[in-house]
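Below is one structure, written out as structure tokens; comments come after it.
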Amino acid sequence: MAGYDPKLQSVLRNASMKDKTVIITTLNDAWAEPGSIFDLFLESFHLGNQTKMFLNHLVVITWDQKAHARCLALHKHCYQVETKGDNFTGEAFFMTADYLHMMWRRIEFLGTVLDMGYNFVFTDTDIMWLRDPFKLFYKDADFQIACDFFNGNTYDLNNSPNGGFNYVKSNKRTISFYKYWFNSRNAYPKLHDQDVLNKIKKNSFISNMKLKIRFLSTSYFGGFCQHAKDFNKVSTMHANCCVGLDNKVNDLKILLEDWKKYVALPENEKNQSHPSWSVSCRTSFGRAKQRKQKNKGWLRRRALAVTV
């Protein structure tokens, strides 16, 4: 273990399950603000069915001092990454330079965790934990990942993976895979980690290393792109296909209200009732579009006022 940050070693050791598995999420100041994503994320563990215990194994990787202080105020396993002058404090808008840099720094960090001998479940902070996912993971897989859209075949490389949720076992295959994934950013400089994964997942380098990949069904690991429709089966729900921090916060609050109503039902009614989520990616895109049009209208009126 020589050469690794002793603080990181300590945090991982204290959070680890008996089989050296940790749950990891990342956090910056924008998502750590009171009432924002991080609060909802932690709340989901308390509202979920037998998920509260997983907070003991959750490691929050923070990108800035403010997020780190907020993490320490709410959680016991926090680790601040050295970002070497990078500024990851604000909302990193999708596909901007800051966003891409943050995503690749994340892949590099997760590769280090594997190299240190730890298995991990990586979860975006805008994923609500509603049930124990470990009961649904495949025993024989090295790398299993959630999907934006799942085609029904867990082995099919044509599925649309989402890098926001994956379970990875530490072994020679996964360590080599994460190094290859990270280095592939140079071949696709304008793509983020998820799109690069789509580019490389069928490469002979990966098939030759015999990496066992499985894709997780959206029936259990759902999101706003493709809902987990059965409340009796859902394990996690992700605010994917959702534009903007405000939209994510708004829709995740609605999602948790839906879940609370379901949990409050008598046991015999849970199986008989067919509740549905009140959120969808369409509502989020719609609100973003309305806000954009509203801003355009304001700028047009302002321009007219200036010219008149």
Residues forming a salt bridge (Lys or Arg N to Asp or Glu O under 4.0 Å) with K270, sequence neighbours excluded
E267
List the steps, then state whether ring-ring contact (aromatic ring centres under 6.0 Å, His included) holds for F54 with F45.
CA-CA 7 Å; F54 292 121; F45 284 90; 7.3 Å; no
Donor-acceptor pair, distance only, cut-off 3.5 Å: does the side chain of R131 make one with the backbone of V234?
yes
Using the test side chain to side chain donor-acceptor pair (under 3.5 Å), find all partners of N232 that sit at least two apart in sequence or belong to another chain.
D230, Y262
For the pair K253 and N250, evaluate side-chain hydrogen bond (donor to acceptor under 3.5 Å, both in side chains) and give the outcome as yes or no after the intermediate values.
CA-CA 5 Å; K253 284 180 179 177; N250 184 78; over 6 Å; no
Measure the spacing between OG of S44 and NZ of K52 and express it to the nearest 0.5 Å.
13.0 Å
Under a 4.5 Å cut-off applied to non-hydrogen side-chain atoms, are L40 and V249 in contact?
yes
Side chain of T51, backbone of L47: donor and acceptor closer than 3.5 Å?
no
Partner residues of H274 under the side chain to side chain contact (heavy atoms under 4.5 Å, CB included) criterion, sequence neighbours left out
none
Would you find a donor on one side and an acceptor on the other, under 3.5 Å apart, between the side chain of D251 and the backbone of V279?
no
Output the distance between atom CG (N162) and atom CD (Q226), rounded to the nearest 0.5 Å.
12.0 Å
Could I get the full list of side chain to side chain donor-acceptor pair (under 3.5 Å) partners for T125, not counting sequence neighbours?
T25
Reference residue D142; test side-chain hydrogen bond (donor to acceptor under 3.5 Å, both in side chains); the match among K212, K172, R173, K210
R173
For Q194 and D148, which I'm curious about, is there any donor-acceptor pair between the side chains at under 3.5 Å?
yes
Output for pair (D64 CG, L27 CG), nearest 0.5 Å, gives 7.5 Å
Strictly distance-based, threshold 3.5 Å: is any side-chain N or O of T174 a donor or acceptor partner for the main-chain N or O of N171?
yes
Between D115 and Y4, is a side-chain hydrogen bond (donor to acceptor under 3.5 Å, both in side chains) present by the stated rule, with each step listed?
CA-CA 10 Å; D115 213 36; Y4 298 113; 2.7 Å; yes
Between W277 and F231, is a ring-ring contact (aromatic ring centres under 6.0 Å, His included) present by the stated rule, with each step listed?
CA-CA 9 Å; W277 303 105; F231 276 54; 4.1 Å; yes
Just by distance, do the side chain of H238 and the backbone of C147 share a donor-acceptor pair under 3.5 Å?
no
If the condition is side chain to side chain contact (heavy atoms under 4.5 Å, CB included), which residues does D140 pass it with, not counting sequence neighbours?
Y138, Y155, R214
Side chain H68, main chain T62, donor-acceptor under 3.5 Å:
no
Can you name the side chain to side chain contact (heavy atoms under 4.5 Å, CB included) partners of K202, sequence neighbours left out?
L157, N158
Residues two or more places apart in sequence or in another chain: which of them pass side chain to side chain contact (heavy atoms under 4.5 Å, CB included) with K76?
N56
Under the side-chain contact (heavy atoms from CB on, under 4.5 Å) criterion, do D5 and Y79 qualify, and how do the steps go?
CA-CA 10 Å; D5 184 355; Y79 176 77; 2.7 Å; yes
Return the minimal non-hydrogen interatomic distance between C71 and H77, and the atom names on each side.
SG-O, 4.5 Å
Checking K135 now: which residues fulfil salt bridge (Lys or Arg N to Asp or Glu O under 4.0 Å) with it, not counting sequence neighbours?
none
With sequence neighbours left out, write down each residue that passes salt bridge (Lys or Arg N to Asp or Glu O under 4.0 Å) with R185, or none if nothing qualifies.
none
Hey, is the main chain of K139 close enough, under 3.5 Å, to the side chain of K169 for a donor-acceptor pair?
yes
Verify the distance criterion only: is there a donor paired with an acceptor across the side chains of S278 and D258 at less than 3.5 Å?
yes
So, are D39 and R70 salt-bridged, with charged N and O less than 4.0 Å apart?
yes
With sequence neighbours left out, what residues match S219 under side chain to side chain donor-acceptor pair (under 3.5 Å)?
S217
Gap between atom NZ of K248 and atom CG of D246 - 0.5 Å precision
12.0 Å
Which pairs, with at least one residue in residues 198-217 and sequence neighbours excluded, count as a ring-ring contact (aromatic ring centres under 6.0 Å, His included)?
Y180-F205
With sequence neighbours excluded, residues passing side chain to side chain donor-acceptor pair (under 3.5 Å) with N151
D156, N159
